[in-house]
Amino acid sequence: MSQAELSLRLGRTQKNLSEIISGKAQITAELALELEHVLGAPASFWNNREARYREALVRNKRYELSQADIEWVKAFPYRVLVNSGLLPAAKATEAKYEQLLRFFGVADREAFNAWQASAVARYRRSLATKPQTDLLIAAWLREGERQATEIRSGMYSAAEFESAIRYARTLTCMSPDEFLPLLKSRFQQAGVVLLLVPELPAMGVSGATRWLGQKPVIQVTFRYKTTDQFWFTMFHESCHILRHPKRAVFLETNAQSHDATEAEANRFAADLLIPPSAYDQLIGRRAFTRQAIGEFATGIGVCPGIVVGRLQRDGQISYSHFNDLKVKFQPSNRPRPKP
(Lines give C-alpha, C1' and ligand atoms only; values in the text may rest on other atoms or scores of the structure.)
Protein backbone atom coordinates (compact mmCIF):
# COMPACT_ATOMS: atom_id res chain seq x y z
CA MET A 1 0.00 0.00 0.00
CA SER A 2 1.40 3.36 -0.95
CA GLN A 3 1.68 6.15 1.58
CA ALA A 4 -0.86 8.14 -0.41
CA GLU A 5 -3.40 5.31 -0.29
CA LEU A 6 -2.81 4.73 3.43
CA SER A 7 -3.37 8.41 4.18
CA LEU A 8 -6.59 8.25 2.18
CA ARG A 9 -7.86 5.19 4.06
CA LEU A 10 -6.94 6.76 7.41
CA GLY A 11 -8.55 10.06 6.52
CA ARG A 12 -5.28 11.92 7.28
CA THR A 13 -3.14 14.23 5.20
CA GLN A 14 0.02 12.82 3.61
CA LYS A 15 2.07 15.34 5.60
CA ASN A 16 0.63 14.11 8.90
CA LEU A 17 1.22 10.47 7.92
CA SER A 18 4.78 11.28 6.86
CA GLU A 19 5.49 12.78 10.29
CA ILE A 20 4.11 9.65 11.96
CA ILE A 21 6.19 7.32 9.81
CA SER A 22 9.37 9.33 10.42
CA GLY A 23 8.76 9.33 14.17
CA LYS A 24 8.23 13.07 14.47
CA ALA A 25 4.60 12.58 15.47
CA GLN A 26 3.45 9.94 17.96
CA ILE A 27 1.00 7.12 17.40
CA THR A 28 -1.91 8.15 19.60
CA ALA A 29 -4.50 5.77 21.02
CA GLU A 30 -6.96 7.11 18.44
CA LEU A 31 -4.56 6.46 15.54
CA ALA A 32 -3.83 2.97 16.88
CA LEU A 33 -7.52 2.13 16.58
CA GLU A 34 -7.62 3.58 13.05
CA LEU A 35 -4.60 1.46 12.06
CA GLU A 36 -6.34 -1.59 13.51
CA HIS A 37 -9.32 -0.98 11.19
CA VAL A 38 -7.17 -0.32 8.13
CA LEU A 39 -4.29 -2.80 8.54
CA GLY A 40 -5.75 -5.47 10.80
CA ALA A 41 -3.07 -5.54 13.54
CA PRO A 42 -4.71 -4.80 16.92
CA ALA A 43 -4.44 -1.35 18.49
CA SER A 44 -2.36 -2.83 21.33
CA PHE A 45 0.35 -3.74 18.77
CA TRP A 46 0.69 -0.14 17.62
CA ASN A 47 0.52 1.25 21.16
CA ASN A 48 3.28 -1.12 22.28
CA ARG A 49 5.48 -0.25 19.31
CA GLU A 50 5.09 3.45 20.03
CA ALA A 51 5.93 2.99 23.73
CA ARG A 52 9.02 0.90 22.91
CA TYR A 53 10.19 3.44 20.36
CA ARG A 54 9.86 6.36 22.77
CA GLU A 55 11.67 4.36 25.46
CA ALA A 56 14.50 3.63 23.01
CA LEU A 57 14.84 7.33 22.21
CA VAL A 58 15.18 8.21 25.90
CA ARG A 59 17.57 5.32 26.56
CA ASN A 60 19.81 6.33 23.66
CA LYS A 61 19.83 9.92 24.89
CA ARG A 62 21.01 8.73 28.32
CA TYR A 63 24.09 7.26 26.70
CA GLU A 64 25.11 10.75 25.63
CA LEU A 65 27.08 11.25 28.84
CA SER A 66 28.28 14.62 29.99
CA GLN A 67 31.89 15.14 31.01
CA ALA A 68 30.73 15.12 34.64
CA ASP A 69 29.07 11.73 34.08
CA ILE A 70 32.25 10.35 32.55
CA GLU A 71 34.40 11.60 35.43
CA TRP A 72 31.93 10.10 37.90
CA VAL A 73 32.25 6.67 36.30
CA LYS A 74 36.04 6.94 36.24
CA ALA A 75 36.08 7.78 39.95
CA PHE A 76 34.47 4.45 40.80
CA PRO A 77 36.73 1.44 41.51
CA TYR A 78 34.61 -0.47 39.00
CA ARG A 79 37.00 -3.41 38.69
CA VAL A 80 36.93 -3.91 42.47
CA LEU A 81 33.14 -4.09 42.43
CA VAL A 82 33.25 -6.60 39.56
CA ASN A 83 35.81 -8.79 41.33
CA SER A 84 33.67 -8.67 44.48
CA GLY A 85 30.66 -9.97 42.59
CA LEU A 86 28.58 -6.81 42.88
CA LEU A 87 28.61 -5.66 39.25
CA PRO A 88 28.88 -7.38 35.86
CA ALA A 89 31.98 -6.69 33.79
CA ALA A 90 31.71 -3.84 31.30
CA LYS A 91 34.16 -2.04 29.05
CA ALA A 92 32.37 0.99 27.65
CA THR A 93 31.90 3.97 29.94
CA GLU A 94 28.23 4.14 28.95
CA ALA A 95 27.69 0.53 29.99
CA LYS A 96 29.43 1.10 33.31
CA TYR A 97 27.28 4.16 33.91
CA GLU A 98 24.10 2.16 33.31
CA GLN A 99 25.23 -0.68 35.60
CA LEU A 100 26.11 1.72 38.40
CA LEU A 101 22.68 3.35 38.21
CA ARG A 102 21.00 -0.07 38.30
CA PHE A 103 23.10 -1.25 41.25
CA PHE A 104 22.52 1.83 43.38
CA GLY A 105 18.87 2.13 42.35
CA VAL A 106 19.14 5.77 41.29
CA ALA A 107 17.96 7.67 38.23
CA ASP A 108 21.21 9.46 37.37
CA ARG A 109 24.53 10.73 38.72
CA GLU A 110 22.96 13.66 40.55
CA ALA A 111 20.46 11.36 42.26
CA PHE A 112 23.36 9.15 43.40
CA ASN A 113 25.19 12.16 44.82
CA ALA A 114 22.08 13.14 46.78
CA TRP A 115 21.63 9.57 48.08
CA GLN A 116 25.27 9.28 49.09
CA ALA A 117 25.30 12.69 50.76
CA SER A 118 22.31 11.64 52.85
CA ALA A 119 23.92 8.34 53.84
CA VAL A 120 27.30 9.88 54.63
CA ALA A 121 25.66 12.59 56.70
CA ARG A 122 23.93 9.97 58.79
CA TYR A 123 26.73 7.53 59.49
CA ARG A 124 29.39 8.39 61.99
CA ARG A 125 33.09 8.07 61.35
CA SER A 126 36.00 9.47 63.31
CA LEU A 127 38.53 9.51 60.50
CA ALA A 128 38.20 11.25 57.14
CA THR A 129 38.58 8.86 54.22
CA LYS A 130 39.52 9.19 50.58
CA PRO A 131 36.71 9.76 48.06
CA GLN A 132 37.25 6.30 46.55
CA THR A 133 36.91 4.72 49.99
CA ASP A 134 33.61 6.55 50.47
CA LEU A 135 32.42 5.09 47.15
CA LEU A 136 33.38 1.59 48.31
CA ILE A 137 31.53 2.12 51.58
CA ALA A 138 28.49 3.35 49.64
CA ALA A 139 28.60 0.21 47.48
CA TRP A 140 28.92 -2.02 50.54
CA LEU A 141 25.98 -0.33 52.26
CA ARG A 142 23.91 -0.54 49.08
CA GLU A 143 24.56 -4.28 48.78
CA GLY A 144 23.23 -4.61 52.31
CA GLU A 145 20.09 -2.73 51.27
CA ARG A 146 19.59 -5.05 48.31
CA GLN A 147 19.97 -8.17 50.41
CA ALA A 148 17.78 -6.84 53.22
CA THR A 149 14.84 -6.26 50.85
CA GLU A 150 14.79 -9.99 50.08
CA ILE A 151 14.55 -11.04 53.73
CA ARG A 152 11.24 -11.26 55.50
CA SER A 153 11.27 -10.63 59.22
CA GLY A 154 8.70 -10.11 61.92
CA MET A 155 7.86 -6.75 63.48
CA TYR A 156 10.70 -5.48 65.62
CA SER A 157 10.35 -6.21 69.33
CA ALA A 158 12.95 -4.86 71.76
CA ALA A 159 12.08 -7.55 74.31
CA GLU A 160 12.40 -10.31 71.72
CA PHE A 161 15.67 -8.85 70.48
CA GLU A 162 17.13 -8.73 73.99
CA SER A 163 16.22 -12.39 74.30
CA ALA A 164 17.85 -13.10 70.94
CA ILE A 165 21.03 -11.35 72.05
CA ARG A 166 21.23 -13.51 75.18
CA TYR A 167 20.73 -16.56 72.98
CA ALA A 168 23.46 -15.38 70.60
CA ARG A 169 25.98 -15.42 73.45
CA THR A 170 25.48 -19.19 73.80
CA LEU A 171 26.67 -19.68 70.20
CA THR A 172 30.18 -18.21 70.56
CA CYS A 173 31.96 -21.57 70.61
CA MET A 174 30.43 -22.68 67.30
CA SER A 175 31.86 -22.29 63.80
CA PRO A 176 30.22 -19.80 61.40
CA ASP A 177 28.59 -22.62 59.43
CA GLU A 178 26.92 -23.72 62.67
CA PHE A 179 25.99 -20.45 64.31
CA LEU A 180 25.09 -18.18 61.37
CA PRO A 181 21.83 -19.95 60.40
CA LEU A 182 20.75 -20.08 64.05
CA LEU A 183 21.70 -16.46 64.68
CA LYS A 184 19.99 -15.12 61.56
CA SER A 185 16.81 -17.06 62.27
CA ARG A 186 16.56 -15.93 65.89
CA PHE A 187 17.22 -12.30 64.99
CA GLN A 188 14.58 -12.42 62.26
CA GLN A 189 12.04 -13.65 64.78
CA ALA A 190 12.77 -10.48 66.75
CA GLY A 191 12.38 -8.36 63.60
CA VAL A 192 16.11 -7.76 63.03
CA VAL A 193 17.90 -8.63 59.79
CA LEU A 194 21.48 -9.89 60.11
CA LEU A 195 23.62 -9.76 56.99
CA LEU A 196 27.11 -11.02 56.28
CA VAL A 197 28.47 -8.83 53.48
CA PRO A 198 32.23 -9.29 53.00
CA GLU A 199 34.37 -6.18 53.20
CA LEU A 200 35.49 -4.57 49.98
CA PRO A 201 39.29 -4.13 49.66
CA ALA A 202 40.78 -1.32 51.77
CA MET A 203 37.33 -0.25 52.97
CA GLY A 204 38.24 -0.55 56.66
CA VAL A 205 34.77 -1.43 57.95
CA SER A 206 33.81 -4.23 60.33
CA GLY A 207 30.09 -3.57 60.68
CA ALA A 208 27.16 -1.19 60.30
CA THR A 209 23.74 -0.71 61.86
CA ARG A 210 20.78 1.20 60.43
CA TRP A 211 17.03 1.10 60.03
CA LEU A 212 15.59 0.57 56.57
CA GLY A 213 12.07 1.82 57.10
CA GLN A 214 10.79 -0.17 60.08
CA LYS A 215 13.39 -2.92 59.62
CA PRO A 216 16.57 -2.75 61.73
CA VAL A 217 19.59 -4.18 59.90
CA ILE A 218 22.95 -5.35 61.23
CA GLN A 219 25.55 -5.74 58.50
CA VAL A 220 28.92 -7.33 59.34
CA THR A 221 32.00 -8.12 57.27
CA PHE A 222 34.08 -10.77 59.11
CA ARG A 223 36.82 -8.18 58.60
CA TYR A 224 39.09 -9.45 61.38
CA LYS A 225 38.09 -13.10 60.85
CA THR A 226 38.52 -14.10 64.49
CA THR A 227 36.09 -15.11 67.21
CA ASP A 228 36.64 -12.21 69.55
CA GLN A 229 36.35 -9.48 66.92
CA PHE A 230 33.25 -10.91 65.28
CA TRP A 231 31.25 -11.33 68.45
CA PHE A 232 32.34 -7.98 69.86
CA THR A 233 31.20 -6.31 66.62
CA MET A 234 27.93 -8.27 66.69
CA PHE A 235 26.96 -7.16 70.19
CA HIS A 236 28.27 -3.63 69.61
CA GLU A 237 25.89 -3.27 66.65
CA SER A 238 23.06 -4.83 68.66
CA CYS A 239 23.41 -2.09 71.25
CA HIS A 240 22.87 0.56 68.57
CA ILE A 241 19.53 -1.02 67.71
CA LEU A 242 18.41 -1.35 71.31
CA ARG A 243 19.46 2.05 72.61
CA HIS A 244 20.29 4.55 69.88
CA PRO A 245 18.34 6.70 67.36
CA LYS A 246 16.70 5.02 64.39
CA ARG A 247 17.72 7.75 61.96
CA ALA A 248 21.43 7.23 62.55
CA VAL A 249 23.67 4.96 60.50
CA PHE A 250 26.43 3.55 62.68
CA LEU A 251 29.51 2.47 60.77
CA GLU A 252 32.31 0.71 62.60
CA THR A 253 35.84 1.34 61.32
CA ASN A 254 39.32 0.87 62.68
CA ALA A 255 39.38 4.52 63.76
CA GLN A 256 39.17 5.40 67.44
CA SER A 257 35.88 7.09 68.27
CA HIS A 258 35.12 9.31 71.25
CA ASP A 259 31.41 9.43 70.45
CA ALA A 260 29.24 8.68 73.49
CA THR A 261 27.03 6.22 71.61
CA GLU A 262 30.08 4.29 70.41
CA ALA A 263 31.50 4.18 73.92
CA GLU A 264 28.19 2.88 75.24
CA ALA A 265 28.06 0.21 72.52
CA ASN A 266 31.64 -0.83 73.32
CA ARG A 267 30.82 -1.23 77.01
CA PHE A 268 27.61 -3.11 76.23
CA ALA A 269 29.47 -5.63 74.06
CA ALA A 270 32.38 -6.04 76.48
CA ASP A 271 30.17 -6.56 79.53
CA LEU A 272 27.82 -8.92 77.74
CA LEU A 273 30.65 -11.17 76.61
CA ILE A 274 32.50 -11.08 79.92
CA PRO A 275 30.54 -9.95 83.01
CA PRO A 276 32.44 -7.18 84.82
CA SER A 277 32.53 -8.96 88.20
CA ALA A 278 33.97 -12.12 86.65
CA TYR A 279 36.50 -10.12 84.66
CA ASP A 280 37.64 -8.25 87.77
CA GLN A 281 38.28 -11.58 89.49
CA LEU A 282 40.33 -12.80 86.52
CA ILE A 283 42.43 -9.64 86.51
CA GLY A 284 42.88 -9.85 90.25
CA ARG A 285 44.31 -13.36 90.06
CA ARG A 286 46.82 -12.35 87.37
CA ALA A 287 46.92 -15.97 86.24
CA PHE A 288 47.00 -15.50 82.47
CA THR A 289 48.01 -19.03 81.52
CA ARG A 290 46.50 -21.10 78.75
CA GLN A 291 44.82 -23.37 81.28
CA ALA A 292 43.50 -20.50 83.41
CA ILE A 293 42.05 -18.73 80.39
CA GLY A 294 40.39 -21.93 79.19
CA GLU A 295 38.86 -22.67 82.58
CA PHE A 296 37.65 -19.08 82.97
CA ALA A 297 36.04 -19.11 79.50
CA THR A 298 34.29 -22.41 80.24
CA GLY A 299 33.04 -21.02 83.53
CA ILE A 300 31.35 -17.99 81.96
CA GLY A 301 30.17 -19.86 78.85
CA VAL A 302 32.18 -18.27 76.03
CA CYS A 303 35.00 -19.49 73.83
CA PRO A 304 38.58 -18.86 75.06
CA GLY A 305 39.39 -16.63 72.09
CA ILE A 306 36.96 -13.99 73.38
CA VAL A 307 38.81 -13.86 76.70
CA VAL A 308 42.17 -13.66 74.93
CA GLY A 309 40.97 -10.77 72.77
CA ARG A 310 39.70 -8.83 75.78
CA LEU A 311 42.97 -9.31 77.69
CA GLN A 312 44.94 -8.18 74.65
CA ARG A 313 42.85 -5.05 74.09
CA ASP A 314 43.13 -4.11 77.77
CA GLY A 315 46.90 -4.52 77.72
CA GLN A 316 46.88 -7.40 80.18
CA ILE A 317 48.73 -9.70 77.76
CA SER A 318 50.67 -9.15 74.54
CA TYR A 319 48.91 -9.31 71.17
CA SER A 320 51.27 -12.16 70.33
CA HIS A 321 50.06 -14.40 73.19
CA PHE A 322 47.53 -17.24 72.84
CA ASN A 323 46.29 -16.28 69.39
CA ASP A 324 45.86 -19.97 68.62
CA LEU A 325 42.88 -19.89 71.01
CA LYS A 326 41.10 -17.55 68.62
CA VAL A 327 39.06 -19.36 65.98
CA LYS A 328 39.65 -17.99 62.51
CA PHE A 329 36.53 -17.74 60.40
CA GLN A 330 36.51 -18.69 56.74
CA PRO A 331 33.01 -17.72 55.54
CA SER A 332 32.20 -18.88 52.05
CA ASN A 333 29.23 -16.65 51.20
CA ARG A 334 30.00 -13.62 49.01
CA PRO A 335 27.87 -10.95 47.39
CA ARG A 336 26.29 -12.16 44.18
CA PRO A 337 25.64 -10.05 41.12
CA LYS A 338 22.04 -9.31 40.20
CA PRO A 339 20.61 -8.80 36.74
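Since the model is a prediction, treat every value here as computed from it, not as a measurement. Count residues from 1 along the sequence.
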With rounding to the nearest 0.5 angstrom, report the [atom1] to [atom2] distance, [X] to [Y].
{"X": "Ile165", "Y": "Glu160", "atom1": "CD1", "atom2": "CD", "value": "11.5 Å"}
{"X": "Ile274", "Y": "Leu311", "atom1": "CD1", "atom2": "CG", "value": "6.5 Å"}
{"X": "Tyr156", "Y": "Leu242", "atom1": "OH", "atom2": "CG", "value": "4.5 Å"}
{"X": "Leu100", "Y": "Asp69", "atom1": "CG", "atom2": "CG", "value": "11.0 Å"}
{"X": "Ile218", "Y": "Leu194", "atom1": "CD1", "atom2": "CG", "value": "6.0 Å"}
{"X": "Ile241", "Y": "Arg210", "atom1": "CD1", "atom2": "CZ", "value": "11.0 Å"}

If you take all heavy atoms of [X] and [Y], which pair is closest and at what distance?
{"X": "Ala25", "Y": "Arg54", "value": "O-NH2, 3.5 Å"}
{"X": "Ala168", "Y": "Phe235", "value": "CB-CE2, 3.9 Å"}
{"X": "Val106", "Y": "Ala111", "value": "CB-CB, 4.0 Å"}
{"X": "Gly191", "Y": "Ser153", "value": "O-OG, 3.9 Å"}
{"X": "Pro77", "Y": "Leu136", "value": "CG-CD2, 3.4 Å"}
{"X": "Ala95", "Y": "Ala90", "value": "CB-CB, 4.0 Å"}

Please examine the side chains of [Y] and [X], heavy atoms only from C-beta on, and report whether any two atoms are closer than 4.5 Å.
{"X": "Arg109", "Y": "Ser66", "result": "yes"}
{"X": "Val307", "Y": "Leu282", "result": "yes"}
{"X": "Asp228", "Y": "Arg313", "result": "yes"}
{"X": "Thr28", "Y": "Leu31", "result": "yes"}
{"X": "Leu39", "Y": "Trp46", "result": "yes"}
{"X": "Leu81", "Y": "Leu200", "result": "yes"}
{"X": "Gln147", "Y": "Glu150", "result": "no"}
{"X": "Leu180", "Y": "Leu196", "result": "yes"}

Answer yes or no: does atom [atom1] of [X] have more than 12 heavy-atom neighbours from other residues, nucleotides or ligands under 6.0 Å?
{"X": "Glu5", "atom1": "CD", "result": "yes"}
{"X": "Glu110", "atom1": "CD", "result": "no"}
{"X": "Met155", "atom1": "CE", "result": "no"}

Is it the case that [X] and [Y] place a side-chain donor and acceptor less than 3.5 Å from each other?
{"X": "Thr221", "Y": "Glu199", "result": "no"}
{"X": "Asp177", "Y": "Ser175", "result": "no"}
{"X": "Tyr279", "Y": "Asp314", "result": "yes"}
{"X": "Gln312", "Y": "Lys326", "result": "yes"}
{"X": "Gln316", "Y": "Arg286", "result": "yes"}

Within the side chain of [X], is there an N or O that forms a donor-acceptor pair under 3.5 Å with the backbone of [Y]?
{"X": "Gln188", "Y": "Arg152", "value": "yes"}
{"X": "Trp231", "Y": "Arg169", "value": "no"}
{"X": "Thr209", "Y": "His240", "value": "no"}
{"X": "Glu237", "Y": "Ala265", "value": "no"}
{"X": "Ser185", "Y": "Leu182", "value": "no"}
{"X": "Thr233", "Y": "Gln229", "value": "yes"}
{"X": "Lys215", "Y": "Val192", "value": "no"}
{"X": "Glu50", "Y": "Ile27", "value": "yes"}
{"X": "Ser84", "Y": "Leu86", "value": "no"}
{"X": "Asn47", "Y": "Ala43", "value": "yes"}

[X], [Y]: one ILVMFWY side-chain cluster at the under-4.5 Å cut-off?
{"X": "Phe45", "Y": "Leu35", "result": "yes"}
{"X": "Trp140", "Y": "Ile151", "result": "yes"}
{"X": "Leu33", "Y": "Ile21", "result": "no"}
{"X": "Leu212", "Y": "Phe103", "result": "yes"}
{"X": "Leu17", "Y": "Leu8", "result": "no"}

* To do: Report the C-alpha separation of Phe250 and Glu262 in whole Å, then their side-chain angles, then the decisive distance to 0.1 Å, and conclude whether the side-chain contact (heavy atoms from CB on, under 4.5 Å) test is met.
  => CA-CA 9 Å; Phe250 298 95; Glu262 295 300 324; 3.5 Å; yes
Any Lys/Arg nitrogen of [X] or [Y] sitting under 4.0 Å from an Asp/Glu carboxylate oxygen of the other?
{"X": "Arg146", "Y": "Glu143", "value": "yes"}
{"X": "Arg142", "Y": "Glu145", "value": "yes"}
{"X": "Arg9", "Y": "Glu34", "value": "no"}
{"X": "Asp324", "Y": "Arg290", "value": "yes"}

Decide if the gap between the ring center of [X] and the ring center of [Y] is smaller than 6.0 angstrom.
{"X": "Phe230", "Y": "Phe179", "value": "yes"}
{"X": "His236", "Y": "Phe268", "value": "no"}
{"X": "Phe161", "Y": "Phe187", "value": "yes"}

* To do: Determine, for Tyr167 and Arg186, whether the Lys NZ or Arg CZ falls below 6.0 Å from the six-membered ring centre while staying within 45 degrees of the axis.
  => yes
* To do: Decide side-chain contact (heavy atoms from CB on, under 4.5 Å) for Phe296 and Arg285; before the verdict, give the C-alpha distance in whole Å, the side-chain angles of both, and the deciding distance to 0.1 Å.
  => CA-CA 11 Å; Phe296 176 78; Arg285 291 196 295 268; 3.9 Å; yes
* Assess whether side-chain contact (heavy atoms from CB on, under 4.5 Å) is satisfied between Leu325 and Ile293, documenting all intermediate values. => CA-CA 9 Å; Leu325 294 178; Ile293 290 174; 4.3 Å; yes
* Might you work through the side-chain contact (heavy atoms from CB on, under 4.5 Å) test for Lys91 and Lys96, ending with a clear yes or no? => CA-CA 7 Å; Lys91 292 184 179 180; Lys96 291 180 180 179; 5.8 Å; no
* Asked: Can you say whether the rings of Trp115 and Phe112 are parallel (under 30°), tilted (30 to 60°) or perpendicular (over 60°)?
  -> tilted
* In terms of the angle between their ring planes, are Trp72 and Phe76 parallel, tilted or perpendicular, with boundaries placed at 30° and 60°? -> perpendicular
